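Just below is one structure, and these are the notes that go with it.
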There are 2 protein chains.
Amino acid sequence: MAATDTRRQIVEAADRRFYEQGFEATSFADIAADVGLSRGNFYYHFKAKDEILDAVIALRLDNTKAMLEGWEAEAATPRERIGRFVHILIANQTTIMAFGCPVGTLSNELAKLDHVARRDAAELFILFRRWLARQFAELGRTADADELAMHVLMHSQGVATLAAALGEEDFVRREVEAMDAWLDAIAAGTEPASSPD
Amino acid sequence: MAATDTRRQIVEAADRRFYEQGFEATSFADIAADVGLSRGNFYYHFKAKDEILDAVIALRLDNTKAMLEGWEAEAATPRERIGRFVHILIANQTTIMAFGCPVGTLSNELAKLDHVARRDAAELFILFRRWLARQFAELGRTADADELAMHVLMHSQGVATLAAALGEEDFVRREVEAMDAWLDAIAAGTEPASSPD
DNA sequence: GTCTATAGCCTGATAGAC
DNA sequence: GTCTATCAGGCTATAGAC
């Protein structure tokens, strides 16, 4: 098999394992078994476990950028685009209730491990933050676009954590509905400038 | 040293390590070194790592109950008591920005490990949830007390995750202020019954 | 109740044949 | 580019002396 192809398979398997098991709990043997590769050959593609983590984060950044660009192409209004983000919670409800949010949980784990890649993982949040802020700015909220973006991120993270901990589908649905109503108020200009709650 | 005393020291050291490093990444050697004990003697007190986890969760449940009872003794109004909960984010800001929320991050980790203690760890959330719901009920919001409690929990989890990931003190302060304003509106009865956002 | 010694396994990582 | 064989070191856990 071509080296680039094997490498891609390794990164994709690692991506899944890191999300479902966590970075620390995933061994080379796990990933090698997924790809159908011997542990030894692993080091031809990656010299160390940290390098796989870097590659996984890079992959997630690429995938996220592609997803955000897709939303911009598909959805006509900023209101719709932000709605797409919020509705990930429902689209990915099953995996989120099982493993939490991939961005938030990786960030949490790397923080505890005091891992050098902690900052790189935070770039995923920053990507969403900038994109959301741009949408709010297009809605006319230029002054507090970043605050509103952080508020949406905060809301999604909180819902994901509680959904994974308590496993209540109604709660997720209810909070997404509340977020939709709040977004409608923002888009209609009937929400105050400060204290987005 | 008395066995009960050593046992208590082990659980307290494990509690700290599990929070700062994570459960998986903490070894018996780490905890033994903290207490000043040999690895071998460890098994006199705990037969397996999972037993320490059970003891740590039990300790956290006890500490949380004591904290909530303390708030009920100190704060006269339910509005004040809920405020105490929200302001943990500021009181513990340094550790939260370093390691996240102890409840949320443990819950996330055990979910990924598919650990049997996952449900026990969720009891910590349920403890807060019931207590908060009781406070909202005392504020007259009997109909949606549980929804409001979940909303407060969600908000705190989201802020903690983003604070740990991005490390911005202003964000924490701002979100706590927004939460305070929202609580004032709830206490004053000027907030609508549904869609708490 | 605490210790040392050790078993047995899995880990990340390397060397070298093919 | 993939393999097998192997290393050193850490892990959980046990056995037995004191």
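Protein chains get the first letters and strands the later ones, always in sequence-line order, with residue 1 at the start of each. Given the structure is predicted, the values throughout are model-derived calculations rather than measurements. Basis for what follows: all heavy atoms, side chains included, without hydrogens, waters or symmetry-related copies.
- Atom CD of B:Glu51 and atom P of D:dT12 are 14 Å apart (whole Å).
- Proximity note for A:Ser38 (side chain, C-beta onward) versus D:dT4, C:dG1, D:dT2: the nearest is D:dT4.
- For the pair A:Phe42 CZ and D:dC3 P, the interatomic distance rounds to 12 Å; values are reported in whole Å.
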Exercise. In the 5'-to-3' direction, what one-character label does each nucleotide of nucleotides 12-18 of chain C receive under the scheme B = base within less than 4.0 Å of a protein heavy atom, S = sugar-phosphate only, - = no such atom?
Worked result: SBB----

Side-chain donor-acceptor contacts of residues 31-39 of chain B below 3.5 Å, not counting sequence neighbours, with atom names and distances?
{"from": "B:Asp34", "atom 1": "OD1", "to": "B:Arg17", "atom 2": "NH2", "distance (Å)": "2.9"}
{"from": "B:Asp34", "atom 1": "OD2", "to": "B:Arg17", "atom 2": "NE", "distance (Å)": "2.7"}
{"from": "B:Ser38", "atom 1": "OG", "to": "B:Asn41", "atom 2": "N", "distance (Å)": "3.3"}

List the atom pairs, with distances to 0.1 Å, where a side-chain N or O of residues 165-173 of chain B and a protein N or O form a donor-acceptor pair under 3.5 Å, not counting sequence neighbours.
{"from": "B:Glu168", "atom 1": "OE1", "to": "A:Arg129", "atom 2": "NH2", "distance (Å)": "3.1"}
{"from": "B:Glu168", "atom 1": "OE2", "to": "A:Arg129", "atom 2": "NH1", "distance (Å)": "2.7"}
{"from": "B:Glu168", "atom 1": "OE2", "to": "A:Arg129", "atom 2": "NH2", "distance (Å)": "3.4"}
{"from": "B:Arg173", "atom 1": "NH1", "to": "B:Glu177", "atom 2": "OE2", "distance (Å)": "3.1"}

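- In this structure, CZ of A:Arg8 is placed 15 Å from P of D:dG1, rounded to the nearest angstrom.
- Listed by chain and residue number, nothing satisfies the side chain to side chain donor-acceptor pair (under 3.5 Å) test with A:Arg118 (two or more places apart in sequence, or in another chain).
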Exercise. Taking it one step at a time, do A:Glu24 and B:Glu24 satisfy side-chain contact (heavy atoms from CB on, under 4.5 Å)?
Worked result: CA-CA 7 Å; A:Glu24 178 91 3; B:Glu24 179 93 3; 3.9 Å; yes

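- Position along DNA chain C of the nearest nucleotide to B:Gly36 versus A:Ala25 favours B:Gly36 as the more 5'-ward residue.
- For B:Ile31 and D:dT12, the CD1 to C1' distance is 12 Å, given to the nearest whole Å.
- Among pairs with a residue in residues 54-75 of chain A, those fulfilling ring-ring contact (aromatic ring centres under 6.0 Å, His included) read A:Trp71-A:Trp131, at least two apart in sequence or across chains.
- Residues satisfying the side chain to side chain donor-acceptor pair (under 3.5 Å) test with A:Arg16, not counting sequence neighbours, are none.
- In this structure, B:Phe46 atom CZ and D:dC11 atom C1' are separated by 19 Å, rounded to whole Å.
- With rounding to whole Å, B:His45 atom NE2 is found 17 Å from D:dT12 atom C1'.
- Residue B:Tyr44 contributes atom OH, which lies 17 Å from atom P of D:dA15 at whole-angstrom precision.
- Residue A:Thr6 has no polar side-chain atom (N or O) positioned under 4.0 Å from OP1 or OP2 of D:dG1.
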